[in-house]
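Just so it is clear, the values below take in all heavy atoms, side chains as well, and ignore hydrogens, waters and symmetry mates.
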Amino acid sequence: MERKQWIDTLRGICMTAILLFHTEMYYSGDYIIPYGCYVHNALATFFFVSGYLFCGNSRDGREFDFARKIRSVFKTLIVPYFIFTTVIGTIKIVANHAESTEILHNIILGKASWFVAALIVAELLLAVTMFITRGKTVLLSITALLSFITVFVIGNKHNPSPLFNEQNSWYVNDAFLAMGIMICGIFYRRHEDFFNRFNTILYTSLLFILLLIIKNIIIIYQINTVLGSIEVSNIPMFLTDIGIAILFLVNLSKLINKLPLISWTGAHSLVYYFFCGAVPATVTFLFNKIGFQYSHYWQIIVMLTAVYFICTAIAFTIYRYTPFLVGRTKKNYFLPLIMMLITATGT
């Protein structure tokens, strides 16, 4: 199947938004643009895209290959999670004298990278769901509804119930929300021809206006919309907001189709995400060392540019020279390494 460029553009836009958020946090010491304006929307859109792509070439999911999906999750998410969190954790121990026991504890409990941990759990849960339901619309709809109910019963820190999951290992609370959104992504793909009727400048503009109204309400009434872990103070407004935002961003990305650098970022967004905290922290340290402390917002743009291109260089290096780290490995890729190990052992 030909690669859909709009998907890479969509993920690239969202990844740039996440880099902006972390850049503001590390460089200024706090977020400047309110979290509710865009951060949760970018994260939710990633979950939506994961759902859109979940069934591969099978549009309705009735030919879902359970074993293949489990292998894919292991190669492209679980293995990269442990590799990158271990590398970043080791750097923290060496450079910042972080407690090694705490680093290891966070990695094992899935707390070293909350978004990837939640996505892993959501993908595994959805794979089992697809296997059991055979992709039937009614059963998937019930599962999505139960997922949303579950997350706001056991996972909402703002208004916790007696069942609230405080431990939240592997960010199970967020995983239930992710699964619900992913099922919406599956449904969107099944009925994409219908949604494409509204993929016009007029409808996209209307969605944008509606989104601005919702954002004003969120800011004025200080509605919490935090993900990782869930902290939502107005559930109907939160769900309406992410729904409208996702539809707007999808429409916008389809109209744009391809933006070379942004689209490339989207296609390699997993690596960007792993380093979206470490790189801004490092660049902030260096900028402060040379006397470039934050005082005006234009400095955030300079900082973001530096962060973006450093992350891009890291992603390019990894995908070009060590693709096995992100699950992009041909079957014979490990053969030379295995032969080297055998030779070394024999010696």
Side-chain angles (χ1 to χ4, degrees), residues 11 14-15 18 21-22 25 39-40 42-51 53-54 69-93 96 98-130 143 146-148 150-158 160 163-183 226-232 269-281 318 324-327:
R11 288 190 293 199
C14 292
M15 193 65 250
I18 298 302
F21 171 70
H22 283 93
M25 287 292 292
V39 182
H40 64 290
L43 295 167
T45 301
F46 272 118
F47 292 139
F48 179 86
V49 172
S50 295
L53 299 172
F54 191 80
K69 173 54 68 174
I70 295 300
R71 288 195 298 270
S72 175
V73 173
F74 181 78
K75 286 177 58 179
T76 63
L77 289 175
I78 296 177
V79 171
Y81 168 83
F82 281 105
I83 290 175
F84 288 114
T85 56
T86 300
V87 169
I88 294 172
T90 302
I91 294 172
K92 289 179 179 179
I93 293 171
N96 300 332
E99 177 60 46
S100 58
T101 304
E102 182 181 356
I103 294 292
L104 180 61
H105 181 265
N106 287 338
I107 292 173
I108 293 174
L109 293 182
K111 295 187 176 184
S113 179
W114 81 264
F115 177 83
V116 178
L119 185 58
I120 289 170
V121 175
E123 294 241 356
L124 293 175
L125 288 174
L126 187 52
V128 173
T129 300
M130 290 294 293
T143 302
L146 291 175
S147 296
F148 288 128
T150 300
V151 68
F152 294 118
V153 170
I154 72 165
N156 191 4
K157 290 173 66 177
H158 182 83
L163 299 176
F164 176 64
N165 177 18
E166 186 174 0
Q167 183 64 27
N168 197 22
S169 297
W170 283 89
Y171 282 85
V172 173
N173 300 345
D174 299 79
F176 280 114
L177 176 63
M179 183 166 68
I181 297 173
M182 287 171 69
I183 292 174
V226 176
L227 302 186
S229 186
I230 309 296
E231 191 171 344
V232 176
S269 55
L270 181 64
V271 171
Y272 281 83
Y273 193 87
F274 277 117
F275 289 92
C276 70
V279 171
I318 289 172
F324 61 90
L325 295 179
V326 287

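Atoms CD1 and CE, from I183 and M130 in turn, are 9.0 Å apart once rounded to the nearest 0.5 Å. One finds the NE2 atom of H40 at 10.5 Å from the CG atom of L177 (value rounded to the nearest 0.5 Å). Summarising the geometry, atom CD1 belonging to I120 is positioned 10.5 Å from atom CZ belonging to F74; distances are rounded to the nearest 0.5 Å. Within the model, atoms CD1 of I91 and OG1 of T86 stand 11.0 Å from one another, a figure rounded to the nearest 0.5 Å. Remark: T90 OG1 to I107 CD1 distance equals 7.0 Å, nearest 0.5 Å. Atom OG1 of T143 and atom CE of M182 lie 12.5 Å apart (nearest 0.5 Å).
For the side chain to side chain contact (heavy atoms under 4.5 Å, CB included) test with P80, the passing option among L325, L270, I318 is L270; the others fail. Each of W114, F21, F115 was compared with Y273 under the ring pair (Phe, Tyr, Trp, His ring centres under 6.0 Å) criterion, and only F115 meets it.
Partners of F164 under the side-chain contact (heavy atoms from CB on, under 4.5 Å) rule, at least two apart in sequence or in another chain, are K157, P160, E166, N173. For A127, the side-chain contact (heavy atoms from CB on, under 4.5 Å) partners two or more places apart in sequence, or in a different chain, are F54, F64, F66, K69, I70. The side-chain hydrogen bond (donor to acceptor under 3.5 Å, both in side chains) search around H105 returns none, not counting sequence neighbours. Listed by chain and residue number, I93 satisfy the side-chain contact (heavy atoms from CB on, under 4.5 Å) test with S100 (two or more places apart in sequence, or in another chain). In this view, S229 and N168, D174 satisfy the side-chain hydrogen bond (donor to acceptor under 3.5 Å, both in side chains) rule, not counting sequence neighbours. Checked against ring pair (Phe, Tyr, Trp, His ring centres under 6.0 Å), F274 has the following partners two or more places apart in sequence or in another chain: F84. Residues that satisfy the side-chain contact (heavy atoms from CB on, under 4.5 Å) test with L125, not counting sequence neighbours, are V121, F176, M179.
A heavy-atom distance below 4.5 Å is found between the side chains of I88 and F275. Looking at Q167 and V172, their side chains never come closer than 4.5 Å, going by heavy atoms from C-beta outward. Contact annotation: the side chain of C276 approaches that of M15 to within less than 4.5 Å [non-hydrogen atoms, C-beta and beyond].
Counting only residues at least two apart or on different chains, no salt bridge (Lys or Arg N to Asp or Glu O under 4.0 Å) pair has a member in residues 76-89.
Across all non-hydrogen atoms, the minimal contact from P280 to G277 is CD-O, 3.4 Å. Across all non-hydrogen atoms, the minimal contact from I103 to G89 is CG2-CA, 3.6 Å. G110 and A117 make their closest contact through O-CB, 3.1 Å (heavy atoms, listed as atom of the first residue, atom of the second, distance). What you find for A178 and A122 is that their closest heavy atoms are CB-CB, 3.7 Å. For the residue pair I230 and G155, the shortest heavy atom distance occurs at CB-O, 3.2 Å. The shortest heavy-atom contact between V271 and V326 is CG2-CG1, 3.7 Å.
With hydrogens and angles disregarded, a donor-acceptor distance shorter than 3.5 Å links the side chain of N156 to the backbone of V232.
At most 12 heavy atoms of other shown residues, nucleotides or ligands fall within 6.0 angstrom of atom NZ in K92. A 6.0 Å sphere centred on CZ of F82 holds more than 12 heavy atoms belonging to other residues, nucleotides or ligands.
Ring geometry for Y81 against W170 counts as tilted: the plane angle lies between 30° and 60°, on a 0 to 90° scale.
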Compile the donor-acceptor pairs under 3.5 Å between side chains in residues 43-51 and protein atoms, sequence neighbours left out, one pair per line.
unit_1: T45; atom_1: OG1; unit_2: N41; atom_2: O; d: 2.7
unit_1: S50; atom_1: OG; unit_2: F46; atom_2: O; d: 3.0

